2 protein chains.
Amino acid sequence: MKRPTMKDVAQAAGVSLMTVSRVIAGEPGVSPDTAARVEQAVRKLGYQRNDNARNLRQKRPGTSTIGLVVDDLANPFYALMVRSIEDEAHRRGYVVLVGSTNDEPRREREVIAAFTARQVDGLIIVPTIGGHGFLKPPMEAGTQVVCVDRPARDLDVDTVTVDNRDGARGAVTHLLGHGHTRIAYLGDRYEIWTQSERYAGYLDALTAHGLAVDPDLVRHGLRSHGDAQDALAGLRVLPDPPTALFSSNDVITLGVLDGLDHPTPMAIVGFDDLPLAKQLDPPLTVVSQDPVAVGSTAANLLFARIDGDRSAPRKVVLLTRFIARRSGERPVRRLSR
Amino acid sequence: MKRPTMKDVAQAAGVSLMTVSRVIAGEPGVSPDTAARVEQAVRKLGYQRNDNARNLRQKRPGTSTIGLVVDDLANPFYALMVRSIEDEAHRRGYVVLVGSTNDEPRREREVIAAFTARQVDGLIIVPTIGGHGFLKPPMEAGTQVVCVDRPARDLDVDTVTVDNRDGARGAVTHLLGHGHTRIAYLGDRYEIWTQSERYAGYLDALTAHGLAVDPDLVRHGLRSHGDAQDALAGLRVLPDPPTALFSSNDVITLGVLDGLDHPTPMAIVGFDDLPLAKQLDPPLTVVSQDPVAVGSTAANLLFARIDGDRSAPRKVVLLTRFIARRSGERPVRRLSR
DNA sequence: GTGAAAGCGCTAACAC
DNA sequence: GTGTTAGCGCTTTCAC
């Protein structure tokens with residue numbers, strides 16, 4: 001009924017607890033015979049070592065556990081990233097604790113605290129806009145931290161991001177190149193770093209073409225599919241509606257696409273690729289980022305730190321890829337209701 | 001540099017270690033004064049309790065940690081399921097360890113062993129086709145196990161699945177209702193429970209209409225997008241090609257859609273809904289399952305067990321939803337190359 | 001090769 | 001209220 005301990009195994013094998021410890025740990029200096037008897041007792045009792053107890057005493061520090069904290073585990077982008085991080089971890093014999101923050105600083109704090117209380121060796125986090133002072137003590141005690149997807153303002157640690165600004169600039173420039181001048185921007189909360197970067201890219205492109213922003217065409221703070229649909233509806237009833245649209249993330253793109261007839265009556269370019277993008281009418285042009293590369297890069301940085309790398313924090317910026325399909329090439333046309 | 005312990009806090013506050021323990025645990029019987037001094041020392045040192053050490057000694061059993069083992073964390077269906085389980089766990093103050101098996105019994109074993117070695121209180125697993133004898137000892141020692149998405153042949157535990165057979169039957173019946181008689185089946189490995197169930201549903205529908213299966217139209221073992229495309233290509237060059245197709249999971253549906261012109265030249269119904277399904281031409285008809293409901297149901301079963309429920313194992317079967325959009329209503333038409 | 005003793009960071013049980 | 005002692009399951013250290 002109770003979980004067997006080394007003591008139980010020792011008793012069953014007629015040896016001391018210490019001998020069992022050696023056999024389980026695969027240490028040398030145990031006669032083949034004794035080892036065999038111990039192994040038999042292990043099998044008979046179904047013994048498995050308690051790694052939490054082990055880590056408490058062991059000199060080599062570490063629990064072979066890392067924590068992964070993202071915005072939303074269900075988001076396809078993060079899901080792929082999580083998978084690639086988990087693969088890297090598994091390859092190295094680590095396990096991973098995961099948590100979603102929902103972009104709420106409070107939940108981020110709770111989740112991270114629960115992870116550090118369990119002595120994770122490192123943390124890969126998609127930081128919220130909240131402060132991260134609570135990370136100082138564990139970091140001083142040796143917990144390694146890597147930021148991914150966006151930097152944390154108050155954390156000077158390894159950070160893996162993509163060039164959001166450049167990606168957005170390319171997307172909007174593409175639209176401009178096809179003659180559009182009234183291009184709407186639909187984004188999530190401006191406070192989120194990726195969103196302000198993408199908005200900056202939008203502005204860059206307009207400015208480079210000598211255009212001014214029309215505030216009527218800019219919608220920040222779109223948190224959901226529904227928000228995006230509402231924003232789109234608002235845009236359509238404008239006296240001078242946009243002829244093209246830049247959507248600043250996958251959720252918003254999905255909302256927009258859901259609110260439009262097909263073939264879509266306006267030009268669209270979205271940030272983040274989508275599974276069926278190519279099969280739409282017209283095929284959806286997107287700025288795509290590689291979540292697997294982002295994840296494995298972050299994992300490699302983290303494990304290097306865990307393995308003792310104490311060099312200056314690295315800021316890795318990956319490039320986005322512009323995939324021109326056709327939705328960005330729609331002719332300039334007034335949007336009817 | 002080193003992580004402070006209760007001893008350090010005790011020293012800094014000029015009290016005994018036991019008093020610190022009481023304050024940290026929020027136990028009564030400490031004077032407000034003393035408590036304040038301890039709290040100040042805690043803040044000054046950035047102390048955080050080591051929960052691994054705590055769980056070692058504490059009488060109330062448990063580590064407030066559960067393990068979640070799925071096929072592939074990146075799969076959209078599992079990603080949503082993971083998120084809903086994580087939400088339930090977080091609500092109850094639990095953290096979750098995750099791992100992907102890739103459908104490999106060996107990796108499943110490794111991942112689960114790493115989890116049980118860390119004393120998880122429970123496990124939610126999408127079992128591979130491998131045996132699960134290795135789970136017996138931890139289960140006898142009190143680790144609770146719930147299967148999700150499919151049952152494990154050798155495990156009599158709470159299991160949450162959907163009615164795959166019924167869902168597939170409905171899909172194929174829909175196709176038959178629109179006059180199709182040559183309906184292809186494209187599925188993943190038949191050994192996977194969900195796939196054999198869906199195939200059974202396909203057979204049910206044919207049989208109910210007095211039709212026999214044409215083995216030429218049946219393709220099992222499609223593991224990837226590419227496999228699905230290849231299978232589709234093979235189907236198209238048949239002397240008497242299918243006029244309709246039932247795709248047995250999301251990955252295969254994506255592959256098929258990618259290999260076809262649009263508007264699609266044949267009727268299609270897929271198992272699993274897809275984000276842009278509604279926006280395709282024609283909109284994709286699907287059998288949809290609710291990953292959030294599956295996840296939260298499994299989580300609730302698991303936590304009930306952890307909280308002491310010792311009743312007979314429950315087998316919960318959720319229903320699928322048939323979403324007729326239009327791709328299943330395509331007229332019967334010979335598929336050209 | 002094997003084992004006894006000490007102790008990792010903490011809490012249970014009992015003293016004062 | 002507060003402190004002392006023992007001990008969770010294991011590894012370290014050192015003795016035989």
Side-chain angles (χ1 to χ4, degrees), chain A residues 2-39 41-42 45-64 116-120 137-138 141-142, chain B residues 2-39 41-42 45-64 116-121 137-138 141-143:
Chain A
K2 258 307 262 22
R3 207 173 292 266
T5 71
M6 277 195 182
K7 208 165 136 193
D8 301 322
V9 177
Q11 190 162 6
V15 297
S16 86
L17 186 158
M18 213 26 240
T19 301
V20 178
S21 172
R22 290 195 177 97
V23 174
I24 301 288
E27 277 175 12
V30 179
S31 82
D33 261 46
T34 324
R37 274 172 42 235
V38 169
E39 272 153 15
V42 164
L45 298 181
Y47 172 77
Q48 187 185 23
R49 181 174 57 201
N50 179 335
D51 277 355
N52 290 344
R54 165 172 226 221
N55 293 328
L56 200 55
R57 191 64 178 88
Q58 212 179 209
K59 215 46 210 285
R60 179 188 82 71
T63 54
S64 295
T116 53
R118 285 169 180 75
Q119 315 300 111
V120 294
Chain B
K2 260 306 266 19
R3 209 172 290 265
T5 70
M6 277 195 183
K7 209 165 135 194
D8 301 321
V9 176
Q11 189 161 8
V15 296
S16 87
L17 188 159
M18 209 35 231
T19 302
V20 177
S21 172
R22 290 192 177 101
V23 173
I24 302 288
E27 276 175 11
V30 178
S31 83
D33 258 46
T34 323
R37 272 169 48 231
V38 169
E39 273 153 13
V42 164
L45 298 181
Y47 172 78
Q48 187 186 22
R49 181 173 57 201
N50 180 335
D51 277 353
N52 290 345
R54 168 173 224 221
N55 292 328
L56 199 55
R57 191 62 178 92
Q58 214 180 209
K59 216 41 209 281
R60 181 188 80 72
T63 55
S64 296
T116 52
R118 285 168 180 77
Q119 315 298 112
V120 293
D121 299 336
T143 308

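Within every chain, numbering begins at 1; the chains are lettered A, B, ... in the order of the sequence lines, protein sequences first and strands thereafter. Since we're looking at a predicted model, the values are computed, not measured.
- Each of D:dC10, D:dT12, C:dG9 was ranked by its minimum atom distance to the side chain of A:N50; first place goes to D:dC10.
- With rounding to whole Å, A:D51 atom CG is found 9 Å from D:dT11 atom P.
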A:V9 vs A:V38, side chain to side chain contact (heavy atoms under 4.5 Å, CB included): CA-CA, chis, key distance, verdict: CA-CA 7 Å; A:V9 177; A:V38 169; 4.3 Å; yes
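- Following rounding to the nearest Å, A:K2 (NZ) and D:dC8 (P) show an atom-to-atom distance of 9 Å.
- Rounded to whole Å, atom P of D:dC10 lies 9 Å from atom CZ of A:R49.
- Each of C:dG9, C:dG1, C:dC10 was ranked by its minimum atom distance to the side chain of B:R54; first place goes to C:dC10.
- Smallest separation of non-hydrogen atoms from A:A35 and A:V30: N-CG1, 3.8 Å.
- When the C1' atom of C:dA4 is taken as reference, atom NZ of A:K7 falls 14 Å away, rounded to whole Å.
- Rounded to a whole Å, the CG atom of A:D8 is 11 Å from the P atom of D:dC8.
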Side chain to side chain contact (heavy atoms under 4.5 Å, CB included) between A:N55 and B:N52, worked out: CA-CA 9 Å; A:N55 293 328; B:N52 290 345; 5.6 Å; no
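- The A:A53 side chain lies nearest to D:dC10 when the options are D:dC10, C:dA12, D:dT2.
- Considering only side-chain N and O atoms, A:T19 lies under 4.0 angstrom from the phosphate OP1 or OP2 of C:dG3.
- With hydrogens and angles left out, the side chain of A:R57 and the base of C:dG7 share a donor-acceptor pair within 3.5 Å.
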Test side chain to side chain contact (heavy atoms under 4.5 Å, CB included) applied to B:V23 and B:E39, step by step: CA-CA 8 Å; B:V23 173; B:E39 273 153 13; 3.9 Å; yes
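- In terms of phosphate contacts, B:T34 brings no side-chain nitrogen or oxygen within less than 4.0 Å of OP1 or OP2 of D:dG1.
- Side-chain proximity of A:M18 to the nucleotides C:dG3, D:dC10, C:dT2 is greatest for C:dG3.
- Judged by distance alone with a 3.5 Å cut-off, a donor-acceptor contact links the side chain of A:R22 to the base of C:dG3.
- Toward the 5' end of DNA chain C, the nearer of the two residues A:V30 and B:N52, judged by each one's closest nucleotide, is A:V30.
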Derivation and outcome, side chain to side chain contact (heavy atoms under 4.5 Å, CB included), residues B:T5 and B:D8: CA-CA 5 Å; B:T5 70; B:D8 301 321; 3.5 Å; yes
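- Rounded to a whole Å, the CG atom of B:N55 is 11 Å from the P atom of C:dA12.
- Rounded to whole angstrom, the span from the CG atom of A:L17 across to the C1' atom of D:dG9 amounts to 8 Å.
- The interatomic distance linking B:K59 (NZ) with C:dA13 (P) rounds to 6 Å, in whole Å.
- Taking only side-chain atoms of A:L56, from C-beta outward, the nucleotide of C:dC10, D:dG9, C:dG1 with the closest atom is D:dG9.
- In this structure, of C:dC10, C:dG1, D:dG9, it is C:dC10 that holds the atom nearest to the side chain of B:T5.
- Comparing C:dT2, D:dT11, D:dT12 against the side chain of A:S21 picks out D:dT11 as the nearest.
- Contact annotation: A:Y47 side-chain N/O to D:dC10 OP1/OP2 distance is under 4.0 Å.
- Using a distance-only test at 3.5 Å, with no hydrogens or angles considered, no donor-acceptor pair links the side chain of B:R22 to the main chain of B:E27.
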